[in-house]
Peer 1: 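I'd like to ask some things about the structure below.
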Amino acid sequence: MPYLTSTGPTLRTGGAEQFGVGVPGYAHPLLAPAEWAGLNRPGTPLHWAVLNIDNGPGTRPDPHCLEAAGRLRNARERALHGEVPEDTVRASGGRLLGHLDLAFGSRPFGELVADARSYLDWYRVGGFYLDRCPAGRDGLPAARRLTSTLHALLADSDSADQEGGRLVLGHGTHPHPGYAEAADQLVTFRGHWTDYRWSQVAEWTAGYEPGRFAHFVHGVPITHLEEAMRIARWQGAGTIFFTDRDGTNGQTDPFAALPSYWDEFVSRIGPGISE
């Protein structure tokens, strides 16, 4: 298959040793209470989850989102401080990331920084997910300027823990290699299973640890879940989200709710650990 086809001598021959879950963005907590509650369940191997109120932080603090953010932040604190014994299933240690829509480079810098400040002030997020991030070389200088500013905002806030904040670039495809130095993690695939199973990894990714990449795949049948994980491992993804939802039946975002096989998915990844 294409994902096993070498494009050069440096192709990665092994992938992530331990997967974690990245949630691109559940629906509002009132519409997806089970999803948000599940993020705090002991043993959930959560790396991070994205909070998106209205394609951003909204115009004022949302009490339901404040509650969901607080619960996730408390679960991470418990995991990081070892309040759960090491010989039992640990609490979720995932971060909450604020959603910033770069609109492929068309959003003004000032608007993005203002949204970031609102997320930090209201929800004390532990980082940001930069959705629709440009992937070409021409967009790299602006992306670097923004990520440098966001790192500085996180460092000055009281929301980043001792491990610092996290920035994830939501390209959805393999970008120019220079983006790998602009953030902590890159989403190098976001799409349907029919495309994913024949996808190829960019050769330059072999020079980075698996934790630097994330894959989001919808329309994955449970009978192909193991194959999807094998592809992710081979391509070096450390953070994944697979779902059998495909955007049909009136649901425009297949990642807004749990897959029908959530428990099976989580059990195959393994118990959550702090990063």
Side-chain angles (χ1 to χ4, degrees), residues 1-7 11-28 31-50 52 89 92 94 129 131-132 168 170-174 185-202 205 210-272:
M1 289 186 178
Y3 65 87
L4 299 178
T5 301
S6 174
T7 58
L11 183 67
R12 182 184 287 104
T13 56
E17 302 231 340
Q18 178 73 47
F19 283 132
V21 175
V23 178
Y26 283 148
H28 190 278
L31 301 177
E35 281 78 358
W36 283 99
L39 297 179
N40 307 313
R41 287 174 54 186
T44 301
L46 181 68
H47 282 172
W48 44 263
V50 177
N52 184 7
V89 176
S92 166
Y129 180 81
D131 197 13
R132 298 202 293 170
V168 180
H171 307 284
T173 187
H174 287 97
Q185 198 170 42
L186 312 180
V187 179
T188 52
F189 186 93
R190 177 169 179 152
H192 198 275
W193 164 243
T194 55
D195 297 319
Y196 188 60
R197 69 183 310 191
W198 301 107
S199 63
Q200 296 189 33
V201 63
T205 64
R212 297 297 297 278
F213 306 105
H215 290 174
F216 302 139
V217 190
H218 59 87
V220 182
I222 190 172
T223 53
H224 290 281
L225 191 55
E226 191 61 41
E227 181 185 357
M229 289 188 173
R230 188 164 60 248
I231 295 171
R233 187 173 289 109
W234 182 265
Q235 295 196 5
T239 303
I240 58 176
F241 190 95
F242 297 154
T243 179
D244 52 346
R245 298 178 182 272
D246 59 8
T248 59
N249 299 322
Q251 183 179 350
T252 57
D253 183 0
F255 300 113
L258 289 172
S260 66
Y261 47 63
W262 173 253
D263 289 339
E264 174 73 11
F265 177 47
V266 168
S267 68
R268 294 195 187 198
I269 294 176

Peer 1: Check Pro24 against Val50 and note the closest heavy-atom contact, atom names and distance.
Peer 2: O-CB, 3.2 Å

Peer 1: Is there a donor-acceptor pair under 3.5 Å between the side chain of Ser267 and the backbone N or O of Asp263?
Peer 2: yes

Peer 1: Give the ring-plane orientation class for Phe241 versus Phe255, where under 30° counts as parallel, over 60° as perpendicular and anything between as tilted.
Peer 2: perpendicular

Peer 1: Specify the closest pair of heavy atoms between Gly219 and Asp246, including all atoms of both residues, with the distance to one decimal.
Peer 2: CA-CB, 4.1 Å

Peer 1: Test of understanding: with side-chain hydrogen bond (donor to acceptor under 3.5 Å, both in side chains), list the residues that count as partners of His218, not counting sequence neighbours.
Peer 2: none

Peer 1: From Gln185 CD over to Thr239 OG1, what is the distance, rounded to the nearest 0.5 angstrom?
Peer 2: 3.5 Å

Peer 1: Could you pull out all residues at least two apart from Ala32 that satisfy side chain to side chain contact (heavy atoms under 4.5 Å, CB included)?
Peer 2: Ala27, Glu35, Trp36

Peer 1: When you measure from the side chain of Ser260 to the backbone N and O of Asp244, does any donor-acceptor pair fall under 3.5 Å?
Peer 2: no

Peer 1: List the residues meeting side chain to side chain contact (heavy atoms under 4.5 Å, CB included) with Pro33, not counting sequence neighbours, and say none if there are none.
Peer 2: none

Peer 1: Which heavy-atom pair separates Ala228 from Val220 by the least distance, and what is that distance?
Peer 2: CB-CG1, 4.1 Å

Peer 1: Show the numbers, then the answer: is there a salt bridge (charged side-chain N to carboxylate O under 4.0 Å, His left out) between Glu226 and Arg230?
Peer 2: CA-CA 6 Å; Glu226 191 61 41; Arg230 188 164 60 248; 5.3 Å; no

Peer 1: Please name the pair of heavy atoms, one in Tyr129 and one in Gly170, separated by the smallest distance, quoted to 0.1 Å.
Peer 2: OH-CA, 3.6 Å

Peer 1: Could you tell me which residues satisfy side chain to side chain contact (heavy atoms under 4.5 Å, CB included) with Asp195, sequence neighbours excluded, listed by chain and number?
Peer 2: Phe189, His192

Peer 1: Tell me whether the rings of Tyr196 and Trp193 are parallel (<30°), tilted (30 to 60°) or perpendicular (>60°).
Peer 2: tilted

Peer 1: Is there a side-chain contact between Pro45 and Val21 in this structure, where contact means two heavy atoms from C-beta onward sitting under 4.5 Å apart?
Peer 2: yes

Peer 1: Determine whether a donor-acceptor pair (N or O, by modelled atom type, separation under 3.5 Å) exists between the side chain of Arg190 and the backbone of His171.
Peer 2: no

Peer 1: Working to the nearest 0.5 angstrom, can you tell me the gap between His174 NE2 and Leu186 CG?
Peer 2: 9.0 Å

Peer 1: For the CZ atom of Phe242 and the NE2 atom of His224, what is their distance to the nearest 0.5 Å?
Peer 2: 13.0 Å

Peer 1: His28: what forms a side-chain hydrogen bond (donor to acceptor under 3.5 Å, both in side chains) with it, not counting sequence neighbours?
Peer 2: Asp62

Peer 1: Distance from Ile231 atom CD1 to Ile240 atom CD1, nearest 0.5 Å?
Peer 2: 11.0 Å

Peer 1: If you take all heavy atoms of Thr44 and Gly38, which pair is closest and at what distance?
Peer 2: OG1-O, 3.1 Å

Peer 1: Can you sort out the partners of Arg132 under salt bridge (Lys or Arg N to Asp or Glu O under 4.0 Å), two or more places apart, ordered by chain and number?
Peer 2: Asp101

